[in-house]
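Each chain gets a letter, A, B and so on, in the order the sequences are listed, and its residues count up from 1.
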Amino acid sequence: MPPELTSEERAVYEWQMWSRGFGEEGQRRLKGAAALVSRCGGLGGPVAQELAAAGIGKLVIAHGGNLKPSDLNRQILMTHDWIGKPRIESITRRLGELNPRCEVTGVPENVTEENVEQLVEQVDIVFDCAPLFNERFLMNQECVRQGKPLVECAMFDMEGQVTVIIPGQTPCLSCIYPEMPPAWKRQFPVFGAVSATAGCIGVMEGIKILSGIGPSLAGQMLYYDLRTMNMQKIPLQRRPDCAVCGGV
Amino acid sequence: MTLTVNYLGQLRNFAGVESESRDVESGDVMDVIRSLGDAYGEDFARVLLADDGSLRPSVMILVNDNPVQKDALPALNDGDRLTLMTAIAGG
Ligand SMILES: [Zn+2]
């Protein structure tokens, strides 16, 4: 049974509990849920912020490195006074200020082969916000192995792609992209508003999955282009010979 | 025949355009992709084609907004919209 809400929580979340189909039951499910967000920059920052604000019970945030000036145009959980210091400290401090009811575990590392199993074990859902494909493929593989939903959020320049992976039911990331794309570079053009758009769409997918409302993007990719304001849902297909989810 | 070709993701930066109308001689998707590679250069071509000239598995192709299987590419017709999409991972 999901945990009861306190009267303070009822007051805080009242306006979203008016959302059709969500109500107090949905809010309680959110309170009883834990999510992994990795990484927590231009995309993961808004994801963690909106999940915390909406009242998710627990967040595990994995993000390594120290804050650089060039992070600040989009990584909204970072503050100027923290340049040169660990990003994760700025993230956990800001989330604590935003919603002290949310339990936040900050991990000062990005996802690796060594830590991915233990990170995914702690949560009910994973938000993939990593800028490198090796981290994305690791999270995909581990979510398939543990049977946990994965919200895939990605962006480049003014475009975004969001999909939901339900292991055993939908295509996984390796079904969609079976190889490391050859030209992807660590640095890419980004406005904070474009990455935040992907993040906010991903958060709503997560909230719907955790609270059991609405159809999600499972098996479909939402593509948006903020340059031309085109938006499109693309149906995705499983690959029977997928190296990751073929046997699931 | 004339196609509308849409470039998504990094392809757009290499092509320098989001979308264009293009006259092509062949309705074969691979022929069209090869001719685009010739027009837009090595970086563009490398995103779409492997060293052996085959289509990379990380490319998604849509014809008139519907994804098509890479092992069963349809013949293109005059007026078709060909969309070339690649994996992105910005975070
Ligand atoms: Zn798969």
Side-chain angles (χ1 to χ4, degrees), chain A residues 37-45 47 63 74-75 110 127-137 152-161 173-190 194-195 198-199 221 223 225 227-228 230 232-237 239, chain B residues 4-21 29 33-34 36-37 40-74 80-91:
Chain A
V37 180
S38 185
R39 301 185 200 186
C40 197
L43 212 164
V47 168
H63 196 126
R74 64 194 183 280
Q75 303 194 9
N110 300 321
F127 292 83
D128 179 2
C129 309
L132 294 175
F133 278 99
N134 57 345
E135 291 173 38
R136 287 185 177 262
F137 285 128
E152 267 291 315
C153 310
M155 57 76 52
F156 175 80
D157 195 14
M158 296 202 197
E159 296 164 83
Q161 299 177 2
L173 185 62
S174 292
C175 290
I176 309 166
Y177 300 122
E179 63 158 17
M180 205 73 85
W184 186 256
K185 293 198 184 102
R186 205 187 138 58
Q187 289 173 313
F188 46 86
V190 49
V194 181
S195 50
M221 178 182 285
Y223 166 83
D225 178 358
R227 201 179 276 272
T228 59
N230 284 332
Q232 178 176 0
K233 278 198 276 185
I234 301 167
L236 302 170
Q237 289 203 324
R239 251 172 226 270
Chain B
T4 300
V5 187
N6 300 317
Y7 305 103
L8 274 48
Q10 288 168 293
L11 287 172
R12 180 179 287 193
N13 279 20
F14 294 133
V17 64
E18 285 98 56
S19 180
E20 65 180 337
S21 177
V29 173
I33 286 176
R34 278 189 282 268
L36 294 170
Y40 289 123
E42 206 178 310
D43 286 342
F44 178 97
R46 202 164 68 90
V47 175
L48 297 170
L49 299 169
D51 291 343
D52 66 359
S54 64
L55 195 57
R56 286 193 184 277
S58 59
V59 177
M60 212 185 283
I61 297 176
L62 285 74
V63 176
N64 299 326
D65 296 334
N66 296 309
V68 296
Q69 296 294 319
K70 274 167 281 213
D71 51 6
L73 293 170
D80 277 352
R81 221 166 28 252
L82 174 68
T83 301
L84 303 172
M85 180 170 183
T86 59
I88 55 175

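In this structure, no portion of Leu173(A) lies under 4.5 Å from any heavy atom of chain B. Using a 4.5 Å cut-off between heavy atoms, Leu8(B) touches chain A through backbone and side chain atoms alike.
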In sequence, state the C-alpha distance, the side-chain angles, and the governing distance for Cys175(A) and Leu236(A), and then conclude on side-chain contact (heavy atoms from CB on, under 4.5 Å).
-> CA-CA 9 Å; Cys175(A) 290; Leu236(A) 302 170; over 6 Å; no
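Contact check for Pro67(B) versus Pro235(A): side-chain heavy atoms found under the 4.5 Å cut-off. Residues Ile33(B) and Ile61(B) meet the side-chain proximity criterion, which asks for heavy atoms closer than 4.5 Å.
Atoms CG and CG, on Leu49(B) and Leu36(B) in that order, are 9.5 Å from each other to the nearest 0.5 Å. Atom CG in Leu48(B) sits 6.0 Å away from atom CG in Leu84(B) (nearest 0.5 Å).
Nearest heavy-atom pair across Cys129(A) and Leu43(A) is SG-CD2, 3.9 Å. Nearest heavy atoms, Ala89(B) versus Ala154(A): CA-CB, 3.9 Å.
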Check chain B and chain A for donor-acceptor pairs under 3.5 Å and report each one on its own line.
| unit_1 | atom_1 | unit_2 | atom_2 | d |
| --- | --- | --- | --- | --- |
| Gly9(B) | N | Glu159(A) | OE1 | 2.8 |
| Gly9(B) | N | Glu159(A) | OE2 | 3.0 |
| Gln10(B) | NE2 | Ala183(A) | O | 2.9 |
| Arg12(B) | NH1 | Asp225(A) | OD1 | 3.3 |
| Arg12(B) | NH1 | Asp225(A) | OD2 | 3.0 |
| Arg12(B) | NH2 | Tyr223(A) | OH | 3.4 |
| Arg12(B) | NH2 | Asp225(A) | OD2 | 2.8 |
| Ser58(B) | OG | Glu179(A) | OE2 | 3.0 |
| Gln69(B) | NE2 | Gln237(A) | OE1 | 2.4 |
| Thr86(B) | O | Gln161(A) | NE2 | 3.2 |
| Ala89(B) | O | Arg136(A) | NH2 | 3.4 |
| Gly90(B) | N | Met155(A) | O | 2.7 |
| Gly90(B) | O | Met155(A) | N | 3.1 |

